[in-house]
Structures are given as structure tokens and as C-alpha cells.
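Structure first, then comments.
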Number of protein chains: 2
Amino acid sequence: MQQQKLATIEDVAALAGVSIATVSRAINEPTKVADATRRKVTDAIARTGYTTNAMARSLRMRRSNMILILAPDVGDPNFSNILVGLETEASKRGYGVLIGNTQNDASREADYLRFISSNQADGLILFTGHLPFGFRQDGETRLPPMVAVNEPVPDASVPYVGVDNLEGARVATEHLISQGHRRIAFLGRAPGREVNRLREEGYRRALAGAGIDLDARLVIDGEGTTESGRAAAELMFVRDALPTAFLCVNDATALGVIIALSARHYDLPRQFSIMGFDDISFASFVSPSLTTMKQPRHKIGEAAMEMLLGLLSGEAPSQQKVLFRAELIVRNSVARVR
Amino acid sequence: MQQQKLATIEDVAALAGVSIATVSRAINEPTKVADATRRKVTDAIARTGYTTNAMARSLRMRRSNMILILAPDVGDPNFSNILVGLETEASKRGYGVLIGNTQNDASREADYLRFISSNQADGLILFTGHLPFGFRQDGETRLPPMVAVNEPVPDASVPYVGVDNLEGARVATEHLISQGHRRIAFLGRAPGREVNRLREEGYRRALAGAGIDLDARLVIDGEGTTESGRAAAELMFVRDALPTAFLCVNDATALGVIIALSARHYDLPRQFSIMGFDDISFASFVSPSLTTMKQPRHKIGEAAMEMLLGLLSGEAPSQQKVLFRAELIVRNSVARVR
DNA sequence: ACGATTGATGAAAACCTTTACATCAATGAT
DNA sequence: ATCATTGATGTAAAGGTTTTCATCAATCGT
């Protein structure tokens with residue numbers, strides 16, 4: 001159809017009056033070719049509009065210089081910023097990225113895995129929090145180089161780059177305590193999810209550190225969605241065990257709490273303080289704007305990609321786990337307790 | 001390093017006791033091979049764990065069965081749902097997708113374009129609203145098959161799949177009129193942006209259709225961000241020309257308006273009605289929840305991909321422009337005028 | 001002045017497929 | 001019984017690179 005017969009390395013070689021080997025070298029190892037011929041070659045390249053065929057190159061080199069990013073949902077508010085970091089670092093090192101949107105669907109995961117086994121990608125970044133489906137079956141197949149991000153995977157052999165959730169939650173809780181709060185609820189308990197578990201642990205330690213006894217009725221389950229936040233807040237009213245402040249496992253949950261409390265016509269933050277975690281984009285838009293812990297997403301992306309590319313070039317991972325500190329962002333959803 | 005010598009078609013052939021040609025046929029055109037041998041081959045494939053090398057295949061076939069999606073920002077709330085539609089249709093037809101996050105950066109666009117010229121992708125989906133950078137220079141280079149989505153590109157030769165903005169804005173405006181509003185503001189005028197222009201035009205036609213004179217002070221510029229929405233609302237107070245209802249060019253703008261009005265302690269929607277466009281995910285979360293026009297994003301994605309794949313197989317595009325109707329979603333941000 | 005070293009280049013193999021063409025046996029028609 | 005047709009399979013070429021090895025000229029050290 002539209003194949004207008006792209007120029008190949010042979011066309012360039014002919015035009016420049018050299019062999020294809022020389023052209024290849026002029027492109028990839030310019031120092032190994034004499035100045036005069038290099039000029040002839042670059043000239044011929046410009047004239048022909050030659051651009052090297054990535055397929056042929058990958059076939060020969062047995063690697064694609066591509067990284068596959070597996071994400072359950074590219075719409076996730078944490079995703080896009082981390083992605084930019086990943087891309088930045090990858091392109092700096094001559095790699096491209098490829099995004100697979102799995103929707104947590106096993107067959108989609110398996111589909112995307114073929115990118116690896118068919119050499120279309122050399123390494124893997126996992127947002128999914130678990131090994132992709134195809135791998136879980138047979139433990140014996142060698143895992144490709146990969147790095148987890150956003151959510152660690154249970155399999156300990158996969159390095160992880162993320163935020164220090166425990167420490168972050170502790171800082172958040174201490175911030176609330178510093179504002180005089182003693183009855184602080186934790187919304188979003190989910191022992192099965194590593195992130196939630198760690199944030200809860202940070203919360204507990206901060207309370208313990210301040211000598212505050214934990215009221216078990218103030219810890220509510222939730223997976224971290226807005227809806228779960230709303231439901232959790234409602235549940236507190238049903239139980240009639242009210243806190244003065246809500247520490248939410250993430251911003252989405254916090255948003256749900258704000259919605260629930262606004263619907264009950266409370267004056268925020270005067271009557272209740274609310275704290276989130278993540279600092280997703282509209283944490284600053286919602287009203288009251290959300291005091292939260294900010295994940296350094298760009299930096300996380302860069303670090304993860306750097307680690308993966310290191311793995312690819314044979315380096316042993318310096319550490320299995322790289323954690324960045326979350327930063328306290330003070331906005332308007334937390335007030336001093338009355 | 002981790003290259004443990006993947007099985008090739010030759011290994012399979014040897015194991016099955018046939019030629020590599022037969023293996024290839026058994027995989028790609030199963031009917032052309034006898035049942036007995038086909039069984040032997042599939043068996044051998046299973047035993048070797050063979051998976052066909054996409055690079056070699058693409059090199060030989062001169063196409064990759066990959067589609068490149070160029071998006072300025074994967075975090076855009078409209079993006080992810082359209083993406084799912086694109087992916088669904090692509091994978092149904094044996095294609096994979098590859099996402100390029102351009103950040104509206106010319107050099108990134110050019111980078112990603114090499115995917116096309118180096119045969120790593122066969123076609124292009126554009127979210128960017130313009131031809132990618134490399135193309136704009138030299139008009140003579142043949143454009144690859146591509147389809148625009150979300151935002152049309154000025155170049156008329158690029159087919160477009162999207163929502164009927166004019167009609168949708170008209171319906172939205174008529175909804176406000178049906179609630180008794182006569183002083184309706186339009187926030188987000190930007191004649192240079194096709195989407196904004198069309199929505200404004202729909203607004204104007206609805207007013208004209210209802211015999212309402214347009215008060216020019218009620219039309220405010222804005223590119224469509226939350227911040228622009230907030231600023232536009234503030235500007236109305238400065239001008240002291242207040243409407244009873246705000247038609248916002250999109251939900252992000254509407255959110256800005258809600259923030260501005262809430263900050264001024266107005267009771268919404270009793271004192272002002274607000275309408276958005278797009279139905280992005282948190283339109284239902286914000287308070288008051290947003291009455292808006294819903295884009296059928298999944299359907300748009302599917303249709304766009306279908307059209308692109310049609311182009312790739314040589315079909316002429318049935319139409320240069322495919323528009324879906326937006327659906328009115330009534331929530332709580334619009335009230336009858338008092 | 002001569003052999004050894006260096007530097008630049010070319011020939012050809014290898015990477016793994018798909019597919020046009022050839023081959024061969026079996027079937028069908030006369 | 002013979003010839004044409006069909007169906008299944010194999011052989012080999014082609015797709016565009018990179019890279020090893022060989023070649024050759026020029027430089028260097030003595």
C-alpha cells in the first residue's frame with residue numbers, strides 16, 4: 001500500500017561509495033571511521049532520508065531497546081506523573097517505553113507478556129503489584145528484568161521503587177497530633193494490600209509514640225476508592241464513635257470523606273480535620289483543599305527506570321528497595337482541634 | 001545475560017520432524033496443513049515453549065501490527081477511557097498499541113515518529129490536535145495512515161472520530177433554557193481551539209433558537225483548565241454582569257467555577273446553575289455533582305481504531321469525520337431558575 | 001629498509017521469520 | 001491405464017541490520 005520502499009543501508013552505502021559495514025559503523029561507532037568517509041556517509045543519509053529499520057536492528061542485536069510498562073489503569077492519578085519520570089530517564093538512555101493497560105485482566109496481562117517473550121521489549125516496569133499472569137504459573141521460567149513501582153510485588157526477588165509509606169503516614173499522623181488531635185481515625189485498612197498495611201502501621205506507630213491509645217472503632221476497612229471513603233465516614237456515624245480527625249489511606253478516600261461530611265453540612269475543617277496521602281492533582285482543587293503527603297512521583301519514575309536499565313546492563317541491583325520520603329503539604333483540610 | 005537462548009521455529013521443526021515452513025503454516029494458516037502434522041507441531045510448540053519472534057516476523061512482513069498512540073498527556077481525564085476503547089478494538093484484530101506521551105514537546109513528537117519510519121508501528125492515533133512535528137516540515141513526505149481523536153487536526157486529510165460538540169453544547173444549553181434560565185454564560189471561549197469553538201457555536205445556536213439575545217459580557221475566554229474556570233467566574237463578578245447559569249466548555253472549567261462560587265459562599269445550585277461537558281470521572285464526586293454532557297469515550301476509541309485498521313488494510317475511509325452524540329447526564333448542579 | 005603494529009574498510013555470516021516455487025504422492029477424470 | 005488436478009510438504013530466498021574476520025595500506029620502531 002503506502003510502502004514507498006524506504007531507503008535501506010544499502011542505498012546509503014551505494015550513494016556514499018562505501019560498504020554497508022562502514023555505513024553501520026559511521027552511525028553506531030563514529031570514531032571507528034575516518035572523518036572523510038563519515039562525512040560522505042552522513043551526507044548520503046541526509047540525501048536518502050535513511051532511517052534505520054528498528055526491526056532488523058533488534059533482530060540482529062537480540063534486543064529492542066524498549067521497556068514495557070504494565071499498568072492496571074493508566075487513568076490512575078498516580079500513574080501519569082510516574083510515567084513522565086520513567087520516560088525521561090529511558091529516553092535519556094536511548095530506550096523507548098511502551099505502555100500496557102491491563103485493567104487487571106489476566107488475559108491482557110498474558111497478551112502483553114508476549115512483548116517480552118517475543119523480544120519486543122527488554123524489561124518490565126510493574127504498576128500492578130503482582131507478577132504478570134503468565135509468570136505466576138511456572139516458577140521455573142527465568143523472570144525477565146523488572147522493577148516494581150507504585151505498589152510492591154510480593155515476590156521478593158523483584159526490586160521496588162516507591163515512597164516510604166510507613167514513614168509518610170507517621171509524619172501525617174504526627175501532623176494531626178501536633179494540631180491537638182487525639183481521636184484520629186484511620187480510613188482504608190486493608191491488610192492484604194501492602195501500601196495500605198504500611199500506612200496503617202505508620203499511623204499506629206505515631207499514636208504509640210505520642211502515648212495515645214488506639215480506639216479500634218476508629219480504624220475502618222476500605223480499599224482506597226472515593227466510594228470506600230464515603231462509606232467509611234458514614235459508618236463512623238452509625239457506630240457513633242467519632243474522631244476529630246480522619247487520616248485517610250489516600251487522597252481518593254479523603255475525597256470520599258469530604259463528600260460525606262459536606263453532605264451532612266459539617267463545616268470543614270472547623271468540625272473535622274481530614275488528611276490524605278499522595279497529593280494527586282485535584283487535592284488542591286477540592287474544597288477544603290486537602291492537606292496531604294506528596295509522593296515524589298517524577299523522581300520515583302526516574303529512579304525505577306534507572307534501576308531497570310542497570311539490571312539490563314548486567315548490574316546487580318544496588319538495593320532491593322528504594323524508598324523516597326513523602327513531603328507534607330499543608331493546605332486547608334486540617335485545623336487545630338477546638 | 002538473561003538470554004537463555006529462546007526456542008526458534010527451527011527447534012520446533014526439528015522436534016516435530018517437519019520443515020520450518022510447515023511450522024510457520026501450522027501457526028499462521030492452520031487449514032493448510034494436515035491434521036496429524038498440525039498436532040505434532042502444536043505439541044512441539046508446547047514442549048519447547050516456543051513463541052514467535054516478533055522482530056523477525058515484522059522484518060519479513062514489513063509491518064509490525066502495532067499502532068502508535070500519540071497523546072500530549074496520558075493524565076488527561078478523557079484519555080484513559082478512549083484508550084481502553086482503542087485497545088479493545090485493536091487487540092480484537094490482532095494489533096497491539098503503543099503509547100507515546102509527548103507533553104506537547106516537539107522533540108518528543110519527533111522521537112516517537114521514528115516508530116513509524118522505522119517500521120515499529122504501522123499507523124497512528126493522534127490525541128494531539130496537530131500533525132506530529134516531523135511531518136509539518138516537509139509537505140511532500142507521504143503521511144502514514146492515521147486517525148485523529150479527541151481533538152481534530154487542522155489538516156483536512158486526517159479523518160477524525162469524536163463527539164458532536166456543536167450538537168452537544170446545543171443540547172446542554174437547551175437543558176438550561178428548559179430550566180428557565182435566560183442569562184446563560186459561556187465559559188471557555190477559545191476560537192483557536194476547534195473543540196471550544198464548536199461548543200461555543202452550539203451555545204449560540206441554542207440561544208438564537210430560543211430567541212434569547214446574547215449578552216457579549218457573558219462569554220468569557222479560557223482554555224479549559226480548572227484554573228481558567230475559576231478565573232472566568234471571578235471575572236464575571238468584577239464585570240458585575242452575572243448570569244443565572246454557567247455553561248462551561250468542559251468539566252474541568254466547571255470545577256473551577258464551583259470552587260470560585262463555593263469560596264464566595266453561594267448556595268449551589270440554588271443561586272447559580274452550572275453545567276459541564278465531558279463527564280470526566282469526578283464530575284460525579286464534586287459537590288454539587290455536575291450535570292454534564294457525557295462523551296461516549298469507549299465507543300469513540302473503538303470507532304477510531306476500527307477506522308485506522310480499515311485504512312491500513314487499504315480501505316478508503318468511509319467518512320472523514322465520525323461524530324457520536326453526547327448524552328445529557330442530569331445531576332445536581334443545575335436547578336430551576338427562581 | 002624491513003617487519004610489526006595500527007587503522008580503515010569490506011565480505012559474509014547470523015539474527016528468525018514468511019512465502020514463492022518446486023516436489024511428490026494421492027486422487028479424480030477420461 | 002494415463003494424465004491432469006489437488007493437497008501436503010520441503011527448499012531456499014528475502015527482509016535490513018550488526019559484527020567477526022580478513023584484507024590492505026600506512027605508520028612505527030629499529
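Just the heavy atoms: all of them, side chains too, but no hydrogens, waters or symmetry mates, feed the values below. Below, chains carry the letters A, B, ... as their sequence lines are ordered, and counting in each starts from 1.
Using a 4.0 Å heavy-atom cutoff across all strands shown, Thr52(B) reaches sugar-phosphate atoms only and no base atom. Counting any heavy atom pair closer than 4.0 Å across all strands shown, Thr22(B) reaches sugar-phosphate atoms only and no base atom.
Ranking dC15(C), dA20(C), dT18(D) by closeness to the Arg25(B) side chain, first place goes to dA20(C). Nearest to the side-chain atoms of Ala21(B) among the listed nucleotides dT18(D), dC16(C), dG10(D) stands dG10(D). With dT17(C), dT18(D), dG15(D) as the candidates, the nucleotide lying closest to the side chain of Tyr50(B) is dT17(C). Closest contact between the side chain of Ala56(A) and the listed nucleotides dG10(C), dT18(C), dG16(D) involves dG16(D).
Rounded to an integer number of Å, the gap from Lys32(B) NZ to dC21(C) P is 13 Å. Gln120(B) places its CD atom 13 Å from the P atom of dT17(D), with the value rounded to the nearest Å. Rounded to an integer number of Å, the gap from Glu10(A) CD to dT18(D) C1' is 14 Å. For the pair Arg63(A) CZ and dC16(C) P, the computed distance is 15 Å after rounding to whole Å. The NZ-P distance, from Lys40(A) to dA8(C), rounds to 14 Å in whole Å. At whole-Å resolution of the value, CG in Leu59(A) and C1' in dT18(C) are 13 Å apart. In this structure, Ile9(B) atom CD1 and dT11(D) atom P are separated by 14 Å, rounded to whole Å. Atom CZ in Arg57(B) sits about 16 Å away from atom C1' in dA14(D), given to the nearest Å.
In terms of modelled atom types and a separation under 3.5 Å, the side chain of Gln320(B) and the main chain of Ala156(B) share a donor-acceptor contact. In this structure, Tyr50(A) contributes its side chain and Leu6(A) its backbone to no donor-acceptor pair below 3.5 Å.
Within the 4.0 Å cut-off from OP1 or OP2 of dC15(C), not a single side-chain nitrogen or oxygen of Ser58(A) is found. Contact annotation: Thr8(B) does not reach the phosphate of dC16(C) (side-chain N/O to OP1 or OP2, under 4.0 Å). Of the side-chain N and O atoms in Ser19(B), none sit less than 4.0 angstrom from OP1 or OP2 of dT11(D).
Comparing Val18(B) and Asn28(A) by the nucleotide of DNA chain D that holds the closest heavy atom to each, the one mapping nearer the 5' end is Val18(B). In terms of position on DNA chain D, the residue among Ala34(B) and Arg60(B) whose nearest nucleotide sits closer to the 5' end is Ala34(B).
In Glu10(B), the CD atom is not crowded: 12 or fewer heavy atoms of neighbouring residues, nucleotides or ligands sit closer than 6.0 Å.
Using a 4.5 Å cut-off on side-chain heavy atoms (C-beta onward), Lys92(B) and Met305(B) make no contact.
In the model, Asn78(B) has a side-chain atom that pairs as donor or acceptor with a side-chain atom of Arg297(B) under 3.5 Å.
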